[in-house]
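All ligand and atom numbering here is 1-based and tracks the order in the structure. Everything quoted here is computed from the prediction, not taken from an experiment.
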Amino acid sequence: MKAIILGSAAGGGLPQWNCRCRVCELARLDDGRVSPRTQSSIAVTQDGEHWLLVNASPDIRQQIAATRELHPRHGARHSPIAAVLLTNGDVDHVAGLLTLRESQPFKLYATATTRESLDANRIFSVANPDFVPRLPIVMDEPFEPVPGLVVTMFAVPGKVPLWLEDAAMVIGEATETTVGLDIEAGGRRLLYVPGCADVTDAVKRRIRGADALLFDGTLFTDGEMVEAGLGHKTARRMGHVPMSGDGGSLERLRDLPVGRRIFVHINNTNPVLVAETRERGTAEASGWEIGHDGMEVAL
Ligand code: MLT
Ligand code: MN
Ligand code: ZN
């Protein structure tokens, strides 16, 4: 199995169009300590011919252009992307569907909850269901979206997408709104969890023994955005467990047996994005790699 991290940033990317935080400013300066990053997506294959795109980011056009493996290779119209799977309905995970039009057939998989929100938005019919069937998936039941990859979706603590929030929303319930993926091929397991509000025992049971884990690395501290004067929401309020602190992902996942552990969906404010920061050192000392665009995971 081979996975390519197409986009390692959270919503907004790095630099984010309207942000003057330290990391965005360094990225704009072409400072060698920070590389720009596109929004959250990976591509995975077993046979090299058929690729599963997990999450369709607003940057998908740029991501495909930058990734030779995803260029068309047969006939007049073709794409190696044979299936697309969504882990939630957030803008950074679904807006790329608007780019994947042009009557190109592929299978689209999402939970019933996420499919309902696509069905309710007519603009997504540009990915014409005649070519792009929206297929149901049953949680916790393995299926094979592309040859050789056996995928199991499981609920993780999360919340509804930001654009569907209302007064009644609950944060941290493990429902179909936010899922993680267990991707298995040839006895090797890749776990992809780009959004997770809490590292519960159930989440740990899923991850245990994975050969590689790509995990929610949105913020380093819970109050990072508040303290930087960039908003009033904590990481947990946004449905993302912070890396540091009590109950943070570094602590909760510390003793879990896992092969490579890589942070993805990293918000542009997160100081781990900058080489030689204390926070980068802390994450790396705990065995974590900081995901970057184009990073490959071969299992
Ligand atoms: C998130 O991961 O919290 C969302 O992508 C936020 C957003 O939609 O901008
Ligand atoms: Mn996001
Ligand atoms: Zn920023």
Side-chain angles (χ1 to χ4, degrees), residues 5-31 33-42 54-60 63 85-98 110 113-114 117-118 121 156-166 169-173 177-181 192-198 214-243 249 263-274 277 279 291 293:
I5 300 177
L6 302 178
S8 51
L14 170 66
Q16 178 175 310
W17 72 285
N18 63 343
C19 188
R20 294 190 66 233
C21 78
R22 176 167 169 270
V23 186
C24 283
E25 289 287 73
L26 281 176
R28 279 188 198 99
L29 287 172
D30 209 12
D31 183 283
R33 288 170 295 170
V34 184
S35 46
R37 282 165 165 83
T38 62
Q39 296 169 78
S40 181
S41 173
I42 66 168
V54 190
N55 292 322
S57 110
D59 302 319
I60 187 65
Q63 292 167 340
L85 198 158
L86 307 174
T87 61
N88 64 15
D90 279 347
V91 170
D92 55 347
H93 289 163
V94 304
L97 291 173
L98 304 180
T113 316
T114 298
S117 51
L118 298 182
N121 277 265
V156 300
K159 66 165 183 64
V160 293
L162 178 58
W163 56 276
L164 287 173
E165 286 188 8
D166 59 22
M169 70 136 183
V170 179
I171 300 167
E173 270 185 353
T177 55
T178 311
V179 302
L181 301 185
Y192 179 58
V193 187
C196 184
D198 189 17
L214 308 186
F215 193 78
D216 185 342
T218 307
L219 298 189
F220 190 78
T221 52
D222 195 38
E224 183 173 307
M225 298 198 56
V226 184
E227 281 147 32
L230 297 170
H232 58 279
K233 289 184 191 168
T234 62
R236 288 189 167 88
R237 166 64 187 78
M238 295 189 292
H240 299 289
V241 64
M243 294 179 179
S249 53
F263 280 121
V264 292
H265 193 277
I266 308 168
N267 193 58
N268 55 74
T269 52
N270 193 324
V272 301
L273 290 165
V274 184
T277 56
E279 294 85 352
D293 293 13

Where Gly13 and Gln39 come nearest, the two heavy atoms and their spacing: N-CG, 3.5 Å
Lys/Arg-Asp/Glu bridge criterion (N-O < 4.0 Å) met for Glu224, Lys233: no
Interatomic distance, Thr234 atom OG1 to Asp222 atom CG [nearest 0.5 angstrom]: 4.5 Å
Asp90 N/O/S atom closer than 2.8 Å to the Mn ion (ligand 2): no
Side chains of Ile5 and Tyr192 in contact at under 4.5 Å (non-hydrogen atoms): no
Crowding at CZ, Arg20 (>12 non-hydrogen neighbours, <6.0 Å): no
Metal site angle (apex the Zn ion (ligand 3)), OD1 from Asn268 and SG from Cys21, 10 degrees: 110°
Flag for Asn55-Ser41: side-chain donor and acceptor within less than 3.5 Å: no
Donor-acceptor side-chain pairing of Ser40 and His265 below 3.5 angstrom: no
SG (Cys24) to the Zn ion (ligand 3) to SG (Cys19) angle, given to the nearest 10 degrees: 120°
Neighbouring protein residues of ligand 1 - any heavy atom closer than 4.0 Å: Asp90, Asp92, Leu162, Met238, His240, His265
N/O/S atom of His265 inside 2.8 Å of the Mn ion (ligand 2), strictly under: yes
Arg22 and Glu25 ion-paired at < 4.0 Å: no
Name of whichever N/O/S atom of Asp92 is nearest to the Mn ion (ligand 2): OD2
